[in-house]
Structure formats: C-alpha cells, structure tokens
Number of protein chains: 2
Amino acid sequence: MPEPSNRPLGERTNFLLSQLGFHTASRFTERLVGLGIQPNHFGLLMHLAQGEGRTQQQLAEALGIHRKVMVGLLDDLEQRGLAERRRHPADRRAHAIHLTEAARTLLPEAVAVADAEEEELLTGLDGDERRQLLALLQRVAEHSGHPRGVHPGMRGKIAMPGA
Amino acid sequence: MPEPSNRPLGERTNFLLSQLGFHTASRFTERLVGLGIQPNHFGLLMHLAQGEGRTQQQLAEALGIHRKVMVGLLDDLEQRGLAERRRHPADRRAHAIHLTEAARTLLPEAVAVADAEEEELLTGLDGDERRQLLALLQRVAEHSGHPRGVHPGMRGKIAMPGA
DNA sequence: GAGAAATTGTCCTGTACGGTAACAATCACT
DNA sequence: AGTGATTGTTACCGTACAGGACAATTTCTC
C-alpha cells in the first residue's frame with residue numbers, strides 16, 4: 001500500500017470536485033427558487049423535452065431513480081402546471097407523460113439560470129482555460145461510468161445550506 | 001439577457017462538477033465505511049490534527065456548522081474512541097477537544113482511502129493533465145469564496161445512493 | 001381462452017435527519 | 001454582587017427517504 005500523502009484537502013482533486021460540486025448545486029438550487037422548481041425537477045423537465053409520451057417507469061429508469069420518487073416529482077410538476085399524465089395509448093396501466101405549454105416557456109428560463117450560474121462559477125478563467133477544464137471534466141466523467149447527463153443526486157433533493 | 005444555450009447537461013461545467021462531486025463523495029463515503037467513519041467525521045479529524053485543544057464552538061465555526069451538529073459529531077467520535085473532551089484549562093464551560101492515539105493511527109488510513117479514491121477518479125488522465133485539472137479547480141475554488149479546505153456539505157452527511 | 005405471474009402507479013408506515021427553541025452552568029462586564 | 005452573554009446540551013417538530021403492501025392491468029403459460 002502506498003504511504004498516505006500529506007496534502008491538505010484544498011490540494012486534492014476529489015475534495016475540490018466535491019466542494020465545488022456542492023457549491024454549484026446549492027447556488028443553482030437557490031437561483032431556481034424564483035422559477036418555483038428544484039434541480040431534480042429541472043433534470044426531469046430537460047429529459048422530457050427530448051422525448052415525451054414515455055411512462056413513469058421509463059423515465060425513472062432513465063434518470064436512475066425509483067418509481068416511487070417519480071410519483072412525487074410528477075405530482076410536483078403537475079401541480080405546478082408543467083407536466084400532465086395522459087392515458088397511455090398502448091398500456092392502460094401506464095401514464096404517458098407530456099410537457100405543458102407553460103413548461104415550454106419555463107424551460108428556456110431555467111436553462112438561462114444554469115448558464116448564468118456557470119458564468120459566475122467560471123469568472124476568473126479565460127476562454128481557453130474554460131475549454132480545458134470542460135474537456136478534462138468530460139474525460140473524467142466519461143471514465144466514471146455514469147450515464148451522460150444523469151445526476152446521481154436525482155435520488156433526493158440537493159441539500160441547500162441555510163434554507 | 002443572453003439567450004439560453006442549447007448544450008446538453010453533459011457539456012456544462014457546472015453540471016459536470018456537481019455530478020462528479022456527488023460521485024466522488026458517494027464513493028468516498030462507501031470506502032470509509034470500512035474504517036467506521038463518515039466524510040464529515042474525516043473532515044473534523046483532519047481539522048483536529050492540525051490543532052488540538054480547541055473548543056467545540058471554535059471547531060464548529062471553523063467548519064461552518066452549527067454547535068449542535070458539533071455535539072453529534074463529537075459524540076460519534078468519542079464513542080468510536082477517536083476524540084475526547086477534556087476540561088478546558090481556561091474556561092470551565094467549554095471542552096478542550098483532543099485526538100486519541102487511535103485517531104492518530106486511523107487518520108493516515110483514512111488519508112490513504114482518500115488517495116485511493118482520487119487515483120481511481122483520475123485514471124485516464126496523465127500526470128500533466130492531472131496537474132492542469134487540479135490547478136484549474138483550485139483557481140475556481142479560490143474565486144468561489146469558500147474557505148480553503150472547508151466542505152459546505154459538512155452540514156449533514158453526504159447522501160449515499162443505494163445504502 | 002383461463003389462470004398465474006409480472007408490471008405499473010400509488011399509498012402507508014417507520015425511521016432518520018436538520019433546524020428551532022429552551023435549558024443549566026459558567027464567564028464577562030459594571 | 002448582579003446582569004447579560006456564551007458554552008454545551010437536550011427536547012421538540014416538521015420533513016424526507018426506504019421498505020413493504022396494494023389494486024388495476026398486462027403478459028405469459030398451458
């Protein structure tokens with residue numbers, strides 16, 4: 001076994017990733033409050049935007065969460081007027097999930113919030129450095145074995161300090 | 001307001017940071033189970049290692065958490081035989097927190113776990129790329145305004161999928 | 001086709017956790 | 001000496017998550 005290194009936490013890539021990831025997520029959560037949704041709602045909406053009519057089960061599987069959680073998420077979205085459960089044309093047990101017009105209006109705003117968050121986070125890096133960082137993170141993410149664009153924190157709301 | 005970009009989540013730096021940060025933290029949590037502690041315990045131990053005898057209040061302040069949480073953390077550590085509350089020499093209300101010998105044995109093992117986690121995470125990047133990534137993350141962290149080496153997730157255990 | 005097994009969405013229950021308020025003991029200031 | 005502030009702790013409450021159970025339907029098996 002290699003002997004443990006003496007680096008402080010602030011010089012460890014894994015610690016920095018966790019720290020910054022938590023920081024961004026919290027910030028994003030705060031900024032989304034104005035739109036009346038949470039990050040996991042945003043993730044679900046994004047997923048729905050690229051393919052409607054799927055069942056709750058399919059959605060849950062794609063996002064790596066349990067069906068039960070999807071029930072709650074869709075309850076939220078439906079009450080918020082952003083999604084609707086229609087009858088599934090082929091399976092009368094299942095629901096076909098669709099976005100509403102309101103969702104199509106809100107989604108770009110949420111994306112703009114994400115853009116603003118990213119911009120604020122990356123202040124201090126120039127264009128080249130941003131591209132470098134993005135590319136490196138993509139390589140690491142690729143190797144981590146996670147499905148692309150699926151956030152492991154979807155199983156549960158992201159903790160928001162001081163809220 | 002700039003128009004929202006159409007990039008998928010997997011091409012957004014903030015999303016990748018959050019995704020990877022969550023991933024590493026979960027992995028670290030899992031790996032730490034063998035040592036009988038959690039990441040927030042680890043953070044506290046690391047902090048204690050570079051200065052014992054402080055009061056719970058001082059520790060809580062340094063780590064950005066509430067006194068009440070520190071009570072629970074120290075209860076855990078004390079029960080685990082890793083820290084002890086001694087009488088404070090100057091203030092009879094306060095406790096002076098010290099590490100035990102067991103902690104001094106365990107801490108390097110925990111650091112080794114962190115090292116192993118980092119190594120696994122960064123497989124796929126060569127030495128130069130690792131240095132680049134670390135430097136970029138440090139710059140971003142510097143600008144984020146967080147105290148160095150303090151994890152915002154200390155206020156609460158990091159969620160561990162599937163546990 | 002008829003019955004058995006699996007699937008979908010939902011609900012209920014227990015459990016754990018975070019945050020607020022309150023408390024006794026002690027210190028600091030006047 | 002007395003009043004207010006500080007330290008550590010406990011009790012309380014509301015929320016969130018995992019597990020199992022459930023009716024309605026589909027799919028498989030014979």
Side-chain angles (χ1 to χ4, degrees), chain A residues 22 25-26 29-30 33 37-41 43-44 48 53-79 83-98 151-163, chain B residues 22 25-26 29-30 33 37-41 43-44 48 53-79 83-98 151-163:
Chain A
F22 202 97
S26 302
T29 305
E30 292 174 18
V33 168
I37 60 173
Q38 293 178 329
N40 44 7
H41 299 140
L44 177 51
L48 280 170
R54 280 187 270 207
T55 71
Q56 302 186 189
Q57 175 80 355
Q58 289 172 322
L59 291 171
E61 207 162 324
L63 293 177
I65 63 181
H66 199 272
R67 321 180 260 282
K68 178 195 172 339
V69 184
M70 184 58 65
V71 174
L73 252 46
L74 284 173
D75 285 348
D76 296 342
L77 257 48
E78 217 169 22
Q79 186 179 4
E84 41 182 34
R85 300 185 227 230
R86 300 185 190 164
R87 307 209 58 99
H88 194 283
D91 190 336
R92 294 180 57 189
R93 296 172 298 181
H95 292 152
I97 310 303
H98 288 261
H151 198 297
M154 281 289 296
R155 6 178 140 223
K157 336 214 155 172
I158 290 165
M160 193 174 127
Chain B
F22 203 96
S26 302
T29 305
E30 291 174 18
V33 169
I37 60 172
Q38 294 179 328
N40 44 9
H41 299 141
L44 176 51
L48 280 170
R54 279 187 269 208
T55 70
Q56 303 187 191
Q57 176 79 355
Q58 289 172 323
L59 291 171
E61 205 162 325
L63 293 177
I65 64 181
H66 198 273
R67 320 177 262 280
K68 178 203 174 321
V69 184
M70 184 57 64
V71 173
L73 253 45
L74 285 174
D75 284 349
D76 296 344
L77 256 48
E78 217 169 21
Q79 186 178 6
E84 39 182 35
R85 301 183 226 231
R86 302 186 188 164
R87 306 210 60 98
H88 194 282
D91 189 337
R92 295 181 57 189
R93 297 172 297 181
H95 291 150
I97 310 302
H98 288 261
H151 198 297
M154 281 289 295
R155 0 176 142 228
K157 336 215 155 170
I158 289 163
M160 195 175 125

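Letters A, B, ... mirror the listed sequences (proteins, then strands); counts begin at 1.
- Taking B:R92 as the reference, nothing meets the salt bridge (Lys or Arg N to Asp or Glu O under 4.0 Å) condition, with sequence neighbours excluded.
- Rounded to whole Å, atom P of D:dA16 lies 11 Å from atom CG of A:N40.
- Side-chain contact between B:I65 and B:L73 is present, with at least one heavy-atom pair separated by less than 4.5 Å.
- Summarising the geometry, the separation between NE2 on A:H41 and P on D:dA16 is reported as 10 Å, rounded to the nearest angstrom.
- In terms of modelled atom types and a separation under 3.5 Å, the side chain of B:H88 and the main chain of B:A90 share a donor-acceptor contact.
- At whole-Å resolution of the value, CD in B:E78 and C1' in D:dG8 are 12 Å apart.
- When the salt bridge (Lys or Arg N to Asp or Glu O under 4.0 Å) test is applied to A:R93, the partners found at least two apart in sequence or on another chain are A:D91.
- As a whole-Å value, the separation of B:I97 CD1 from D:dT7 P is 13 Å.
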What's touching nucleotides 9-15 of chain C from the protein side, N or O pairs under 3.5 Å?
from	atom 1	to	atom 2	distance (Å)
C:dG9	OP1	A:Q56	N	3.1
C:dG9	OP1	A:H95	N	3.2
C:dG9	OP2	A:Q57	N	2.7
C:dT10	OP1	A:R85	NH1	3.2
C:dT10	OP2	A:Q56	OE1	3.2
C:dT10	OP2	A:Q56	NE2	3.0
C:dT10	OP2	A:R85	NH1	2.8

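- How far CG of B:D75 is from CE of B:M70: 11.5 Å, rounded to the nearest 0.5 Å.
- Straight-line distance from the CZ atom of A:R92 to the P atom of D:dA23: 19 Å, rounded to whole Å.
- Distance alone, capped at 3.5 Å, is enough to place a donor-acceptor pair between the B:E78 side chain and the B:R85 backbone.
- We find that CG of B:D76 is positioned 12 Å from P of D:dT9, with the value rounded to whole Å.
- Look at CG on A:L59: it is 18 Å from P on C:dT7, rounded to the nearest Å.
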